[in-house]
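Everything on this sheet refers to the single structure shown next.
Remember, predicted model here, so these are calculated numbers, not experimental data.
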Amino acid sequence: MFVQTSPYGTWASPITPADVAAGEALVEWVGFVGEEVWWTETRPREAGRSALVRRNPDGTIEDVLAPEWNVRTRVIEYGGRPWLPLGAAPDAGFVFTNWDDQRVFRAVPNGRPVPITPESTSSASLRYCDFALVGAEVWCLREEVSGPGESGTRRDLVALPLDGSAAGDPAAVRVLGRSHHFMTGPKVSPDGGHVAWIGWNHPTMPWDATDLMCAPVGSDGRLGPARRIAGGTGVSVGQVEWAPDLPGVLYALSDQDGWWNVYEVDLAGVTRARCPRAEEFGEALWRIGARWFLPVGGGRMFVVHGTSGRQLAVLDADGVLRDIGAPYTEWSQVATDGSRVAAVAAGPGQPRTVVLVDPQGPRIEELRAATLRHPGHLPQGHHSVFRGDSGEDVHAYVYPPHSPDFRASEGELPPYLVQVHGGPTTRSQLIASQEIAYFTSRGIGVVDVQYGGSTGFGRRYRERLRENWGVVDVRDCAAVARQLGDRQTADPDRIGIRGGSAGGWTAAASLASEPGLYRAAAIYYPLLDPEEWREQGTHDFECRYLDSLIGPWPQARQRYEQVSPIRQAHNIRAPFIIMQGLDDAICPPAQAERMLELLHGSQVPHSYFAFEGEQHGFRQASTIVACLEAELALYSNAFGFRPDVPALTVGPSS
């Protein structure tokens, strides 16, 4: 094969923005319905609709519902488990939350859904998720939103009659109880005698501290007094499940010893670690009803575990952990029928796909063929450890430029993009990504920084960010960027930064704090002024998040001013673009527009792209395409290649 020599950044690539949009469908909320595996699938080409999909016994895949139905809930704005089968066979039906009106519907495959919850008095103000079948009812979490922030939101555990009587009579919805401002859905014991759930209150976030609650169920179906049996101050419990065959025994995901491990818990609150390791057996609870371990009886369970990646394993009753050999390095969205596991799996050479695992073989079958265009153009990413300013470890995934068709001249160093994940209490995954390959296949390297505060490396690493947001994340990204230059991996004069949400905050703060380091920034749906965000209000789940990220208000007012990208905007020297969804309830467009006003008349090139119908995290294919095209134009101009690409405007545009 003939390989051309051409400068980094100028390589022709077959990976288009349309390929990225088509290849990044979000697959999640996997479950078994008898012998079948079902899941939800977000489709950018269908305006971001979340379809409920089944894999039939004959191997065919089809949608369960007609195209007008969108299986997705707005609970805590980040969502939660939105559907539940009502029996062991598909014709038993299922319930789901519909996005447009947030009502719960009962349906059978290819049938017309019927509502089982009342209409909201205002637009989608009643929301439901995390369901459990109890006799002729479905028990779940209900969120009622009447206004912004904490005072305008209430959550209850409720029972919905399956006969549909509540569709026209709100009084038919039976309130089971509440313990905290935030709760997960109810987990009912196999004998029906107890219910467990997780709760927490402002200003605590669920990765800071939660309470594992348990209440008896009376003969009338009502809950008795609830009490805490695990968790508490300084302990985060993120998942709870009942042992299927041991009365009064629960399993909980807890970080009481510094790592999210699985513990056995009895009704008296006595805990025992099942497999104590300096690894994570779960993640931060950003979405209600997430699962990372699955008890199957006899003290056995399926788990996912690891640090910079996740492996699927069987945890035996004696605490022995047996990994299931597979080419995948990331496992999530696990479900089980008691003997098999269905999950979303991925790896450096495999994009996310739904797989079915028989651990006895082990045999792994791909149920949903993942779309992987131009696999030969994927970069060879690897995990690397850098040193922070104080000598601490900073983890990152490095993706060097790669193309089978091009190479650079001897001695030329490539431009690099520092990629900052959102959250900030979450992490990235080292897996095949068309988005990253879009840049690396053109000769632009990417380094995905797992800055202090990221999950996967224990509570101590996570809490490095406590009251240091805008400081630790910025410093860690800068340390990685500089060391890439020191290692002769990247051209120190051609480094950019990109990120969305909390990553957009870090990208903007980095431009202001490190004006001589970065040459360009792509900023997606960012928070830009924490003081204004607090005062004007955001959605309830995160309205007190800044107490732990920056500090309690108003005691930490000076710190808020010091780290605000808007207040430091006068330090920005490098060109940037902002991409913003106009329907974003988490980071509304007002802050982006205010930053642009502050820079009006400056000589800093910048552009603003606003998208109707987009929220916090873009779902529409046309939006993804427009953003990637804008990013490549930005870097082309800033790094000095592709001079034929149009220059950025000075001032906002949309």
Side-chain angles (χ1 to χ4, degrees), residues 1-23 347-351 371-384 386 396-419 430-449 480-498 516-522 574-575 577 605 625 627-648:
M1 176 185 293
F2 176 71
V3 178
Q4 300 181 57
T5 299
S6 186
Y8 288 116
T10 67
W11 301 350
S13 171
I15 300 177
T16 67
D19 290 330
V20 177
Q350 299 87 16
T371 302
L372 184 58
R373 294 171 173 81
H374 316 294
H377 287 75
L378 288 177
Q380 302 299 310
H382 62 274
H383 175 222
S384 185
F386 297 81
Y397 307 136
V398 181
Y399 300 89
H402 169 73
S403 172
D405 308 315
F406 290 89
R407 66 186 175 197
S409 300
E410 187 73 25
E412 182 186 358
L413 294 176
Y416 255 80
L417 304 178
V418 173
Q419 182 160 292
L430 182 60
I431 63 175
S433 167
Q434 296 273 15
E435 182 176 337
I436 289 175
Y438 175 76
F439 297 110
T440 57
S441 63
R442 287 169 166 80
I444 305 172
V446 176
V447 58
D448 196 345
V449 182
V480 170
R482 289 194 171 94
Q483 287 168 53
L484 284 176
D486 294 343
R487 296 177 182 182
Q488 296 289 293
T489 300
D491 182 346
D493 294 324
R494 293 192 294 173
I495 293 178
I497 189 167
R498 68 190 302 263
L517 177 60
Y518 300 105
R519 296 296 187 264
I577 55 177
V625 169
C627 291
L628 289 174
E629 290 176 343
E631 275 201 71
L632 190 58
L634 169 71
Y635 306 137
S636 297
N637 283 285
F639 298 154
F641 49 78
R642 298 276 299 277
D644 55 321
V645 175
L648 289 175

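Here the side chains of F639 and L417 are in contact, with some heavy-atom distance below 4.5 Å. Two residues are said to be in side-chain contact when any heavy atoms from C-beta on lie closer than 4.5 Å; Y438 and P17 meet this criterion. Under the 4.5 Å side-chain criterion, counting only non-hydrogen atoms from C-beta, T10 is not in contact with F406. The shortest distance between side-chain heavy atoms of L372 and Q350 does not fall below 4.5 Å. Here the side chains of S433 and Y399 are not in contact, with every heavy-atom distance at 4.5 Å or above. Residues P375 and R373 are not in side-chain contact: their nearest non-hydrogen atoms beyond the backbone lie 4.5 Å or more apart. Between F439 and P401, the closest side-chain pair of non-hydrogen atoms is not below 4.5 Å.
Remark: of the listed residues T489, L413, D491, V418, T489 is the sole one forming a side chain to side chain contact (heavy atoms under 4.5 Å, CB included) with L484.
Between P379 and A437, the shortest heavy-atom distance links the atoms CD-CB, 3.9 Å. Pairing each heavy atom of A432 with each of L378, the nearest pair is CB-CD1, 3.9 Å. Shortest non-hydrogen contact noted between H374 and D19 is NE2-OD2, 3.7 Å. The two atoms that bring L517 and A481 nearest to each other are CD2-CB, 4.1 Å, heavy atoms only. T5 and A408 make their closest contact through CG2-C, 4.1 Å (heavy atoms, listed as atom of the first residue, atom of the second, distance). Across all non-hydrogen atoms, the minimal contact from V447 to A396 is CG2-CB, 3.9 Å.
A donor atom on one side chain and an acceptor atom on the other are found under 3.5 Å apart for Y635 and E631.
Other residues, nucleotides and ligands contribute at most 12 non-hydrogen atoms within 6.0 Å of the CD atom of Q380.
In this structure, I444 CD1 and I495 CD1 are separated by 13.0 Å, a value rounded to the nearest 0.5 Å. Rounding to the nearest 0.5 Å places OG1 of T16 at 8.5 Å from CD of Q434. Between the NE2 atom of H377 and the CH2 atom of W11 there is a distance of 10.0 Å, given to the nearest 0.5 Å. The CZ atom of R442 sits 13.0 Å away from atom OG of S6, with the distance rounded to the nearest 0.5 Å. One distance of note links OG1 of T440 with OH of Y416; it measures 9.0 Å at 0.5 Å rounding. Note that the CD1 atom of I436 and the NE2 atom of H402 stand 14.0 Å from one another [nearest 0.5 Å].
A cation-pi contact, defined as under 6.0 Å to the ring centre and within 45° of the axis, is absent between R482 and F386.
Side chain of R519 to backbone of G516: a donor-acceptor contact under 3.5 angstrom is found. No donor-acceptor pair closer than 3.5 Å links the side chain of H382 to the backbone N or O of L430.
Ring orientation note: the planes of H383 and Y397 are nearly perpendicular, at an angle over 60° on the 30°/60° scale.
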